[in-house]
Structures are given as structure tokens and as C-alpha cells.
2 protein chains.
Amino acid sequence: MIRKDATAHAVPAEILDPSGGANQVRVRAYNERLVMSLVRRHGSLSKAEIARRSGLSAQTVTVIMRALEAEGLLMRGEPMRGKVGQPSVPMRLNPDAVYSFGLKIGRRSADIVMMDFVGGIRRQVRRTYPYPMPGPLLAFVVEGLAELEAAITPEERARIAGFGVAAPFELWSWASEVGAPQADMDQWRGVDLGAEIASRVPYPVVLQNDATSACAAELVFGLGPQYPDFLYLFIGSFIGGGVVLNSALFTGRTGTAGAIGPLPVQGRDGETVQLLKIASIYRLENLLREHGIDPKPLWYSPDGWIDFGAPLAIWIEDTAAALAQAVVASASVIDFSAVIIDGGFPAWVRERVVAATQAAVARLDLQGVTLPEIVEGAVGSAARSIGGASLPLFSRYLPDQNVLFKELA
Amino acid sequence: MIRKDATAHAVPAEILDPSGGANQVRVRAYNERLVMSLVRRHGSLSKAEIARRSGLSAQTVTVIMRALEAEGLLMRGEPMRGKVGQPSVPMRLNPDAVYSFGLKIGRRSADIVMMDFVGGIRRQVRRTYPYPMPGPLLAFVVEGLAELEAAITPEERARIAGFGVAAPFELWSWASEVGAPQADMDQWRGVDLGAEIASRVPYPVVLQNDATSACAAELVFGLGPQYPDFLYLFIGSFIGGGVVLNSALFTGRTGTAGAIGPLPVQGRDGETVQLLKIASIYRLENLLREHGIDPKPLWYSPDGWIDFGAPLAIWIEDTAAALAQAVVASASVIDFSAVIIDGGFPAWVRERVVAATQAAVARLDLQGVTLPEIVEGAVGSAARSIGGASLPLFSRYLPDQNVLFKELA
DNA sequence: AATTAATAATTCAATTCGATTTATTTATTG
DNA sequence: CAATAAATAAATCGAATTGAATTATTAATT
């Protein structure tokens with residue numbers, strides 16, 4: 001019995017419960033997704049280049065890419081001349097091949113976006129509210145979606161992959177911080193948001209935590225290609241995050257991987273508090289009020305912030321000090337190559353937060369710590385909506401080793 | 001019969017960018033490992049049962065298991081009668097199919113064990129020292145291995161899968177804690193332990209951090225089957241650990257995933273210190289000295305501890321309080337289903353540490369935390385040696401999704 | 001300018017190999 | 001004997017690989 005074995009190495013990206021078997025059909029599905037993700041990562045690649053990068057034979061790549069081109073997912077570009085040999089034909093994603101919708105539920109507003117295959121936002125609708133409630137929210141889903149759908153052709157509609165929802169965990173426990181009556185918030189209890197939306201929408205619905213969704217956006221459309229594993233932090237009304245391992249989103253058994261908010265850190269006075277009490281925008285809002293400043297500009301638009309001066313500086317310092325502790329703590333658990341920080345604020349705030357965090361980390365005891373790079377997110381304040389819209393892409397087009405394995409009962 | 005295909009691998013579960021393609025040969029290799037791991041997990045399973053659990057067709061399972069039986073890796077048991085239909089034939093691992101060696105390098109002693117395919121320690125040699133040094137250690141490898149090999153037949157020797165090494169990170173930075181002259185410790189600098197051992201041993205050598213190795217042992221021979229993902233903590237002279245995600249060892253990009261030692265926690269007086277300064281046996285040793293108690297019994301044998309009274313109680317309390325913070329911090333990053341605690345101490349100490357940690361966790365702010373179970377390790381104080389010996393099994397027989405993917409240059 | 005060599009991308013055709021499907025046999029209970 | 005379940009043999013299917021051919025281009029030479 002002859003064995004031609006491979007060199008073994010690592011744990012797959014996203015991690016999977018390896019209890020199912022693999023077969024040919026799945027191998028093909030996996031390889032197709034792999035080819036597309038390589039094209040996505042590099043913008044455009046020739047068949048030969050994909051063969052080199054994937055390790056697949058040139059012939060296999062030809063067959064797969066011909067099929068993907070026939071499906072309209074890939075487009076051929078202008079042949080590249082100037083080098084010896086037959087010119088290579090760069091293939092790139094067809095931006096119009098697939099669309100998806102993404103719903104973000106925020107503290108002050110909800111957005112629905114229509115996204116194309118390469119992450120471009122084609123259309124967007126927004127609704128603002130003092131605080132989110134199930135009834136009005138579901139009404140917005142129906143009305144907003146209708147508005148977006150009205151602008152596209154039936155052909156385009158047929159190419160919609162799904163409807164992704166980026167929502168915070170346990171809306172009802174926000175009441176005091178959101179400034180909403182507990183009775184109203186209690187209406188969320190027992191609401192199966194995914195099911196409610198699925199019954200109102202003619203597409204596959206995927207629900208995911210909002211910060212995790214933002215992390216997904218960063219993975220596909222942001223810095224994902226540069227870091228094989230990273231911890232992602234999104235500072236919204238409440239801080240949250242996501243985890244990427246081996247270039248795949250890792251959501252964990254309960255879907256709360258990267259939640260990070262409950263991580264204990266020491267505050268300014270040395271007291272131990274949860275990270276979310278410090279590094280969240282609701283905290284800045286309170287600080288502004290304490291300083292007699294109207295916090296409303298925070299909510300008009302993430303890019304409409306003005307420099308609030310001292311209270312903003314204080315908030316950034318406190319946030320950075322807390323984030324620095326979170327960075328070191330998480331690096332002690334997983335040796336992330338990067339911590340990517342983004343949030344519902346303008347780029348200049350993000351820059352200050354990241355710089356302050358880098359400085360704060362340097363002040364900590366780093367002996368034995370494998371320190372990750374601390375970098376700014378590339379997607380920005382819309383990461384949650386974009387991430388929501390990217391969720392359907394994950395289930396259909398992005399590589400996921402689980403595609404290889406049988407689903408067991 | 002051992003397969004002759006494998007070359008010496010680096011650590012089994014390092015990281016891979018999932019950019020490689022998959023093919024049939026790899027699918028078969030993966031499915032073979034999957035079948036064996038199912039048998040391993042359940043002790044013995046019939047072909048039909050494996051087909052149900054893996055989702056593979058009965059015929060595929062027949063072919064795979066017939067081959068594994070022909071290779072001597074599986075043995076058929078007594079047919080199970082008493083149920084309708086043809087009696088099922090339970091298949092189990094042949095304990096003598098594969099052996100492996102494991103070297104553990106500790107602070108006071110080194111062990112080499114010879115392990116069978118189901119985790120049984122067949123033979124063992126130990127050498128003690130005031131502190132480890134490269135020259136004597138390598139001499140021990142040669143002499144100890146010769147001693148173990150002398151007791152086995154050439155046929156048995158042909159079935160040895162490899163030589164696994166469980167060693168601490170950066171031996172040289174121990175000096176002060178180990179009580180060794182810095183000059184002696186500096187001899188470790190620049191020593192490529194894996195290469196040195198590989199040049200003295202006729203088997204594939206696999207090197208891994210000692211606590212990560214212990215984690216591997218727990219995964220294969222301990223509670224692994226019960227928890228799909230867990231954080232593993234091993235309290236030795238210094239605390240360390242490992243990470244298991246989706247039933248696979250996750251070592252991370254740099255191999256330091258789960259190192260945990262540098263995690264900042266608050267000590268008894270509220271000061272922030274690294275976990276390893278509190279939850280390590282060297283700390284207990286210092287405490288005993290401060291109380292005028294001879295700490296030598298700590299080092300004779302992990303099972304030879306006596307109840308040291310007050311200082312031990314203090315150490316357990318401090319350790320538990322620190323571990324509790326580590327548990328909450330890690331749970332904020334990854335939603336582990338369990339934290340498994342073991343160490344180089346007797347079972348009754350482990351029990352007290354775990355109970356105290358559970359109590360300490362309950363005193364923390366757990367709002368929003370997905371709390372893992374906190375449980376005792378099932379492998380015990382020999383986990384590092386057993387884990388070392390299990391490393392070669394990972395590269396050859398245990399499911400590792402990477403088997404599916406091509407390795408790229 | 002024409003010719004030849006070298007190189008690289010792509011594809012065709014044939015082959016291989018493992019999982020699946022279909023059908024059959026075997027062993028047991030009731 | 002009917003029903004049931006395990007096990008397996010033979011045939012089929014599908015995807016990747018191999019090896020050779022085709023095409024398009026640059027580089028060097030006459």
C-alpha cells in the first residue's frame with residue numbers, strides 16, 4: 001500500500017468540529033471558494049498565478065475558473081503583455097455578480113445597505129430613533145427593503161445572496177445606558193429577531209453580533225489579507241469585537257468569541273471594572289454631559305463629530321489605557337498578529353485612540369508577551385452595516401473549511 | 001506497521017494560511033485519521049457506527065477500516081450479538097500498533113517515556129539535576145533512549161512514530177527563579193534544541209512547549225472528547241497552558257497560544273502582576289522557605305507532596321484568585337466551554353486549586369461573561385511527558401484539517 | 001527585417017483514485 | 001420465515017492529476 005502523504009501543518013483557519021467526513025464534491029466546493037478568495041484578496045490574478053498560489057494544478061484551476069466565469073462570478077481583464085511568453089489574462093471578481101443586504105441595528109439608528117460583490121455600498125436607507133424597539137424596527141426592515149428593491153431590476157434582484165443582520169447582544173439589558181424605559185426594552189425579550197426578519201424577507205437571513213459582523217467586514221474588505229489572525233475591536237455605544245484565526249472568522253461555540261466587553265481592567269483609580277464601562281461611546285456621552293456639553297453631535301453621524309476638547313481627550317486616554325490591558329490580556333491567550341481597532345467615530349478619533357493605545361501598551365509589563373501590532377481598522381464606521389451585508393457572502397462564497405465536511409445531525 | 005512517508009515535521013498544529021487547495025488523496029488521509037480518532041474517542045466502534053458518526057458511506061468506511069486493520073492499527077473485537085441483524089464487530093485501536101517517545105524537560109528533572117498507541121506509559125527513565133544544562137541534557141537523551149530501546153525488540157522499534165520534546169520557553173530567562181548561575185543558563189542561548197536532539201536520535205523529532213504538550217495529552221487522552229474547545233492550564237514551576245479549538249490543538253502563529261503566564265492580574269494587595277508570579281510552584285517554594293519549611297518534598301515527586309499547612313493554603317488561595325481573573329479574561333476573548341486545570345502536584349492539591357478557583361470566579365463581576373466550566377485535568381502530573389510522546393501521533397495519526405490542504409512554499 | 005530559440009499561459013485528452021450508489025450476502029431476533 | 005441490521009462487492013461518478021500540445025510573446029541571432 002503506497003502512501004503519498006503530505007507534510008502536515010496547521011490548524012485551519014476557522015476552526016471546525018472535525019467530526020464529519022470529507023468527499024470530492026466538497027473538495028470542489030472548497031477549491032472554488034478558495035480560487036475566488038484569492039482573486040478577491042489580490043484584486044485580479046491570472047489562472048497560472050492562482051495555480052501557483054493554491055498549489056492546485058493548472059488544469060484544475062482552468063476548469064474551475066472557466067466554470068466561475070461562465071457563472072458570471074469572474075470577469076476576464078485585458079491580457080498582460082510585456083513579459084516573455086503568452087500573455088496572462090487577469091481575472092477579477094464581477095462586482096455585479098452578487099448583491100446582498102445588510103441591516104445594522106444601532107443605539108440611535110438602523111441602516112440597511114445594499115452591497116455589491118466587492119464591498120461597494122450601492123444604496124442605503126437609515127432610520128433614527130431614541131432607542132430601538134421591535135415593532136418599529138421590523139416595520140423599517142419591510143419599508144426600507146422595499147425602498148431599496150424598488151431601485152433594482154428583477155435580474156439584479158435574482159442575484160441577491162441574502163440578508164445579513166448585525167445586531168448587539170441582548171438589547172434588553174441596555175435599558176439604563178440607552179436611556180430607555182425598562183418596560184420598552186423588555187419587549188425585546190423573547191423576540192426571535194432572526195425568525196421575525198426571515199418571515200418578512202424573501203432572502204436567506206443570517207444574524208450575527210454587530211461587532212463580529214464588523215470584524216467580518218474587516219476580514220474580507222479591510223486588513224484581513226494582511227493579518228492571518230487578529231483581534232478586532234469595534235467601539236460603538238458599547239465596545240465589542242471579533243476574532244479571526246487563520247484568515248477565517250472564529251465565532252466560537254456560543255457565537256460570543258471576541259465579545260471582549262466583560263474583560264476586567266483597572267480604571268483610572270485602580271478599581272477593577274469591565275472594559276465596556278470605559279471604552280464605549282456611551283461613556284463619552286456621559287462625560288460630555290458632565291462637562292455641560294451637548295452630546296447630540298455624537299449621534300448625527302459618525303463623521304460629524306467635532307473636537308470636544310478636554311472630555312474627549314480624557315475619554316481617549318481612559319479608553320486607551322483600558323484597551324492596552326485588553327491587548328496584553330488577549331495576547332496572553334492567543335498570539336494574535338494584530339489588534340485592529342475601529343469604531344463609530346471619525347478617522348481622526350480612531351487615529352488618536354490607536355496612538356494612545358500603542359503608548360499605553362508600552363507602559364505595561366510586557367515580559368514574555370508576544371505583542372500584536374496595534375493598527376487602525378481600514379473599513380471605518382460603517383463596518384457593522386458592511387459586515388452585516390458580508391454575512392451572506394460567507395455562507396456562499398468565502399472559504400470555510402466546513403464546506404469540506406459533512407454536516408452531522 | 002508504521003508508514004514510511006512522513007518527514008520530520010515542525011509542530012503539528014501551527015498556523016496555516018488556508019490558501020492551499022484540497023484533493024482526493026488528502027481527503028482519504030483526512031478520513032483515515034477521522035476514523036481512527038472516532039475509534040480512539042469511543043474506545044471501540046463498529047464500522048456501521050463510524051459510518052453514522054462520520055457521515056461517510058458504509059462502503060467507504062469498510063474500505064478505510066479494512067486498510068487500517070491490515071496495517072495493524074485497528075483490531076477487531078468480539079462480535080456483539082443480542083440485537084436484530086448481523087452482529088456488529090467492534091473495532092478498537094491496537095495499543096501495540098505504534099509507540100512513541102516523549103521527553104519532558106523540567107526544572108528539577110527530565111523524563112523520557114515510551115508510550116503506546118492508547119496513551120499507556122510502557123517504560124520511563126528519569127534524571128534529576130539542580131538545574132537543566134544543554135550538555136548533560138543531551139547526554140541523558142542519548143543514554144536514556146538507549147536504555148529504553150534496549151528493552152524492546154527490533155520489530156517494536158520499527159513501530160516507533162517519533163520522539164516528542166516538551167520543553168519550557170526560553171530556558172535561559174529562568175536563571176534567578178531556578179536558582180542557577182546566569183552564566184550556566186546562558187549556555188542555552190543559541191542552542192537549537194530540536195536540531196541537537198534530531199541529530200542524536202533516529203526518529204522524527206517534534207518540539208513543543210511543555211504546557212502546550214500537556215494540553216495535547218489532555219486533548220487526546222483526557223477530557224478532550226468532552227469539550228470541543230478549552231483553555232488548558234498547567235501549573236508547574238511556572239504556569240503555562242494551551243488552547244484547543246474545535247477539538248484541535250491551536251498553537252497560534254508563533255506557537256505561544258495559551259501561554260497565559262504574562263496575563264496581568266491583581267494580586268492580594270491590589271497590585272498588578274503577571275499571573276506566573278502568583279500561580280506557579282516556584283512561588284510556593286518561596287513561600288515555604290519564608291515559613292521556614294523545607295521545600296524539597298515539592299521536587300521528589302509530584303505525588304510526594306505533604307500537606308504544608310498554612311503556606312500551602314495561602315498559595316492555593318492566591319493562585320485561585322489569580323486563576324479566576326485569568327478565566328474571566330480568557331472567556332472574554334474566546335468562549336471556551338471549559339478551563340481545564342492540572343499541574344505538577346498531587347490530585348488532592350489539584351482538587352483544592354480547582355475548588356478555590358471556582359469559588360473565586362463566583363466573586364467576580366460576571367455580567368455578560370460566557371463562563372466556562374472549570375474542571376480538573378484527567379491526565380495528571382505526567383501530562384507533559386505524555387504530551388511530549390503524543391506529539392508524534394499528531395503529525396501522523398490524529399485529525400488535523402491541514403492534512404487536507406496543500407502546503408505552499 | 002526575418003528567423004530561431006526560449007519561455008510562459010492555457011488547454012486537451014487520458015488516467016487515476018476515492019467516495020458513492022446499488023445490489024447482495026450474512027447473521028441474528030422474534 | 002419475515003424483518004432487520006451489518007458488512008461488502010461491483011459498478012459508477014466526479015474531480016484532480018499527468019503529459020502533451022497549442023498559442024502568444026520576448027530575446028537573441030542572422
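Nothing here was measured: the structure is a model prediction, and the numbers come from that model. Naming convention: chains lettered A, B, ... in sequence-line order (proteins, then strands); numbering from 1 in each chain.
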Under 4.0 Å, counting only non-hydrogen atoms across every strand here, what does [X] touch: a base, just sugar-phosphate, or nothing?
X: A:V89; value: sugar-phosphate
X: B:T60; value: base
X: B:A58; value: base
X: B:V63; value: nothing

Is [X] near enough to [N] that one of its side-chain N or O atoms lies under 4.0 angstrom from OP1 or OP2?
X: A:R28; N: D:dG14; value: no
X: B:R26; N: D:dA16; value: no
X: A:N31; N: D:dA15; value: no
X: A:T62; N: C:dT11; value: yes
X: A:K47; N: C:dT11; value: yes
X: A:R66; N: C:dC12; value: yes

Among residues at least two apart in sequence or on other chains, which ones pass salt bridge (Lys or Arg N to Asp or Glu O under 4.0 Å) with [X]?
X: A:E71; value: none
X: A:E32; value: A:R28
X: B:D335; value: none

Rounded to whole angstroms, how far apart are [atom1] on [X] and [atom2] on [N]?
X: B:L45; N: D:dA6; atom1: CG; atom2: C1'; answer: 14 Å
X: B:Y30; N: C:dA19; atom1: OH; atom2: P; answer: 13 Å
X: A:M65; N: C:dT11; atom1: CE; atom2: C1'; answer: 14 Å
X: B:E32; N: C:dC17; atom1: CD; atom2: P; answer: 14 Å
X: A:E49; N: C:dA9; atom1: CD; atom2: P; answer: 8 Å

By side chain to side chain donor-acceptor pair (under 3.5 Å), B:N94 pairs with (sequence neighbours left out) none
Name the closest nucleotide to the [X] side chain, picking from [options].
X: B:L56; options: D:dA16, C:dT20, C:dA9; answer: C:dT20
X: B:R52; options: D:dA6, C:dA19, D:dA16; answer: D:dA6
X: A:I64; options: C:dA19, D:dA16, D:dA7; answer: D:dA16

Whichever of B:Q59 and A:P79 has the more 5' nearest nucleotide on DNA chain D, that residue is B:Q59
Polar pairs (N or O, both sides) under 3.5 Å between protein and nucleotides 24-27 of chain C?
| unit_1 | atom_1 | unit_2 | atom_2 | d |
| --- | --- | --- | --- | --- |
| C:dT26 | O2 | B:Q86 | OE1 | 2.1 |
| C:dA27 | O3' | B:R81 | NH1 | 3.4 |
| C:dA27 | N3 | B:Q86 | N | 3.0 |

Contact between A:M115 and A:I121 at the side-chain level, heavy atoms closer than 4.5 Å - yes or no? yes
Answer yes or no: is there a side-chain heavy-atom contact under 4.5 Å between B:V35 and B:S54? no
Taking only residues two or more places apart in sequence or in another chain, which ones pass ring-ring contact (aromatic ring centres under 6.0 Å, His included) with A:F101? A:Y203
Cation-pi check for A:F117 against A:R40: NZ or CZ below 6.0 Å from the six-membered ring centre and within 45 degrees of the axis, yes or no? yes
